Amino acid sequence: MNANRARETLIDPTLSDQALAVVRKPSVWEILTSEKYFKWTLLIPLLLLLLVFMLYPLFYCIYYSFHEWGMQGDALFIGLKNYRQMLHDGSFMEALARTLEVLVICIVAELAIGLGLALLWNREFKGQNIVRGLALLPLLVAPLVLSLLWNFMLEYDFGAVNQILTAVGLGKVYWWSPQFALFTICLITIWQWLPFSIFVLLAGLRSLPRDVFEAAKVDGASGWYTFRRLTLPMLSPLIMIIVVLRTMWLIRLFDPLYGTTRGGVGTELLDWIVYRTAFVYFDVGYGSAMAIFSLFLTIALCAVMFRLLMKSLGVIK
Amino acid sequence: MMKRALFWAATLIVLAIVIGPLLWIYLTAFKASGDIFTTELKKLIVFAPTLDNFQRLMTDYPYWFNLGNTAIVSVVSTIFVMLVSLPAAYSFARWNTGGGHLLFVTISTRMFPGVVAALPFFIIFRTLGLLDTHVGLILLYIYFNTSFATFLLYGFFRDVPAELEQAAMIDGYGRMEIFRKVVFPLILPGLAVTTVFCLIWSWNEFFYAFLFTRLTARTVNVLISSFWGSIEVQYGPMAAGAGIAILPTLVAAWLMQRYIIRGLTFGAVKG
């Protein structure tokens, strides 16, 4: 089927059958692997996949966002009502504000602590490979498992963290109270993703040109001055990468909520409220509208930064 | 001397914070219920180890069956992802097909919030009877891993010098032969890294698995999540189950140290 499809687009439709009979000596396979078309042949599976898995859901989500539908019966067209409802929906606006809050807290903390530790480890020391290997471990562990683990460790009475805090003379903390819960979610996320910032920045520090820093030293520049005027600007592409990727991931925070508060005690974030609306209340139309909003928010937040990223990679001129 | 002591103190504290919680999973897995729910400080570390939790996990729950589901779905979806991404990445890397814009479109699917795809697919899967099936979940995992794999492989393909291919062409190799005999062997390490990453993302995935599976295709993460939220929280079996389930990812993380940052940044940072 692929081959047929490809052939239709490859051969000039204005050629008559007769002309084709003369022209079409090479087999389909030869055309597909010919110098001219090989690069597109290679892309056929991907293009089909994108068509089915990207355009289809996007189209349907937009379609449903203009309808009212409870997964039963016919969808009722209601125009922009879902979107208008969103603007007046207090819990949605709160979820949105909270998501942005989490975004800022996590990214700032990860960058600040990450930079500190990257500077600390930016030297040759004994056992550096072991330290590196151990520190990277949390990154690839399932976020859901980690959220369950932290939920247990931060339990008020039996949780290991509170017991240790008591032992060293600090009081217990009610981690899952409404005032603290969102902050606790941030802590868990930062804990898992801190190694990411550390080692991206460390890779950056390792690649900085030595001579510039030696010259600065000869000129008598202070450590702080060198850091601000040389190190930070040279690290900025890497900081950008961290900010873009973390924004993408943090907007869709779901697993850490499922294992802990399940959206309760003031921790409902964007993805959770969409999930609740669509899959718990079966309000498909409204859920779709929220999902589309969340998509555009992601694109708006990332698009500009993303193009900068692609430019620094040399993908786009 | 003072400086060195400070350096190691800071390093060890950081490592303790990073590793402590992971060790905690394994400590809890070997504790009896009485040692888990206690406020006695020394029992955090000192306790009589028991295999009760593992036993309960195997007898009371379909643990191996669910772990098997996770393995099947991860492996099959990863094979398909590779079949799609490998040629596509080669095309992007060697000919810059689509002038970078097509690559951008591909990678932007990774920006989609999970729910945007979840809703339409939930509805169509319901009609097609694909809910709670391996095929359904495999399709979803192909969707969310392809853009990632394409982009990562793209970076590895770019490391292969084009001159090699030109030389092969002068020797009279066809396009397919060049790919098979020249490019493919050189890309193998990159292919291995990408494969492991796709396996791990599928292995760890929870959102789709939670929405789209109930019994027959339930993955191990969904099973583990069900221990929390029932009337009695089953921390023991939960820790035992989690300890086994995360073992492959821990091993992979240790073996792939050099490539983790490269993978997580879609190849942007060589690490």
Side-chain angles (χ1 to χ4, degrees), chain A residues 33 38-39 42-43 45-46 49 53-54 56-57 60-61 117 120 131-142 144-145 148-149 152-153 157-158 160 163 167 196 199-200 203 238 241 245 248 252 254-255 258-259 271 274-275 278-279 284 287-288 291 294-295 298-299 302 310 313 315-316, chain B residues 10-11 14-15 18-19 21-22 24-25 37 39 41 44 84 87-88 90-91 95 97 100 103-104 106 109 111-117 119-121 143 146 150 174-176 200 204 206-207 211 221 224-225 228 235 238 242 245-246 249-250 252-254 257 260-261 264-265 268-271:
Chain A
T33 58
F38 189 57
K39 59 177 183 175
L42 291 170
L43 278 179
L46 181 77
L49 195 94
F53 283 94
M54 188 182 164
Y56 166 78
Y60 257 74
C61 240
L117 288 172
L120 179 73
V131 169
R132 177 191 167 87
L134 289 176
L136 280 168
L137 285 181
L139 280 176
L140 297 189
V141 176
L144 173 88
V145 168
L148 289 163
L149 166 73
F152 172 45
M153 296 217 324
D157 284 320
F158 309 114
Q163 291 198 43
F196 175 69
F199 290 102
V200 169
L238 294 162
I241 287 171
L245 291 173
M248 264 167 63
R252 315 187 320 194
F254 181 87
D255 299 11
Y258 192 85
D271 243 28
V274 184
Y275 151 73
F279 290 98
V284 176
S288 300
S294 155
L295 173 63
T298 318
I299 292 174
C302 290
M310 300 285 273
L313 286 174
V315 178
I316 297 174
Chain B
T11 301
V14 172
L15 282 186
V18 171
I19 298 305
L22 295 175
W24 195 246
I25 297 181
F37 297 102
T39 51
L41 190 68
L44 284 182
V84 174
Y90 182 46
S91 176
W95 293 279
T97 321
L103 185 60
F104 180 73
T106 310
T109 54
M111 278 158 60
F112 276 32
V115 275
V116 171
L119 254 176
F121 279 109
Y143 153 74
T146 300
T150 306
R175 272 290 160 204
M176 281 308 285
I200 291 177
N204 286 349
F206 174 68
F207 185 64
L211 287 178
N221 279 344
I224 293 171
S225 78
W228 147 243
Y235 282 125
M238 184 200 280
I246 67 168
T249 56
L250 289 178
W254 184 262
Q257 296 181 26
I260 288 179
I261 293 301
L264 287 172
T265 55
V269 178
K270 297 277 155 71

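Heavy atoms only: backbone and side chains are in, while hydrogens, waters and symmetry mates are out. Residue numbers begin at 1 in each chain, while the letters A, B, ... track the order of the sequences. Just so it is clear, the model here is predicted, and its values are computed rather than measured.
Shown here for B:Ala117 and A:Pro57, the closest heavy-atom pair between the two residues is CA-CB, 3.9 Å. Nearest heavy atom pair, residue A:Asp255 against residue B:Phe206, reads OD2-CB, 3.5 Å.
Side-chain atoms of A:Leu245 and B:Leu264, non-hydrogen and from C-beta on, never get closer than 4.5 Å to each other. In this structure the side chain of A:Phe279 reaches within 4.5 angstrom of the side chain of B:Leu119, judged on heavy atoms. Counting only heavy atoms from C-beta outward, the side chains of B:Ile25 and A:Val145 approach each other to under 4.5 Å. You'll find the side chain of B:Ile260 stays beyond 4.5 Å of the side chain of A:Phe196, heavy atoms only.
Taking A:Leu140, A:Leu117, A:Val284, A:Leu136 one by one and counting their heavy-atom pairs under 4.5 Å with chain B, the maximum is reached by A:Leu140. Heavy-atom pairs under 4.5 Å with chain A peak, among B:Val14, B:Ile200, B:Leu15, at B:Leu15. Among the candidates A:Leu148, A:Val200, A:Ile299, the residue making the largest number of heavy-atom pairs closer than 4.5 Å to chain B is A:Leu148. Note on B:Trp95, B:Tyr235, B:Tyr90: by heavy-atom pairs under 4.5 Å with chain A, the leading option is B:Tyr235. Annotation: maximal heavy-atom pairing with chain B below 4.5 Å, among A:Ser294, A:Gly287, A:Gly259, occurs at A:Gly259. Here B:Thr11 is the residue among B:Thr106, B:Leu250, B:Thr11 with the most heavy-atom pairs under 4.5 Å with chain A.
With values rounded to the nearest 0.5 angstrom, B:Leu211 atom CG is found 6.0 Å from A:Phe254 atom CZ. Here the straight-line distance linking atom CH2 of B:Trp254 with atom CG of A:Leu137 works out to 7.0 Å at 0.5 Å rounding. Note: A:Leu46 CG to B:Thr150 OG1 = 5.0 Å, rounded to the nearest 0.5 Å.
Checking A:Val274, A:Thr298, A:Leu295 one by one against B:Val116, the side-chain contact (heavy atoms from CB on, under 4.5 Å) holds for a single residue, A:Leu295.
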**Item:** Test side chain to side chain contact (heavy atoms under 4.5 Å, CB included) applied to B:Val18 and A:Leu134, step by step
**Value:** CA-CA 8 Å; B:Val18 171; A:Leu134 289 176; over 6 Å; no
**Request:** Decide ring-ring contact (aromatic ring centres under 6.0 Å, His included) for A:Tyr60 and B:Phe121; before the verdict, give the C-alpha distance in whole Å, the side-chain angles of both, and the deciding distance to 0.1 Å.
**Result:** CA-CA 9 Å; A:Tyr60 257 74; B:Phe121 279 109; 9.6 Å; no
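If you measure heavy-atom distances from A:Leu120 to chain B, the contacts under 4.5 Å come from both the backbone and the side chain. Only the side chain of A:Leu149 comes within contact range of chain B, judged by heavy atoms closer than 4.5 Å. Residue contact with chain B, scored on non-hydrogen atoms closer than 4.5 Å, involves the side chain of A:Phe38 exclusively.
Although no hydrogens or angles enter the test, the distance criterion places no donor-acceptor pair under 3.5 Å between the side chain of A:Asp271 and the main chain of B:Val115.
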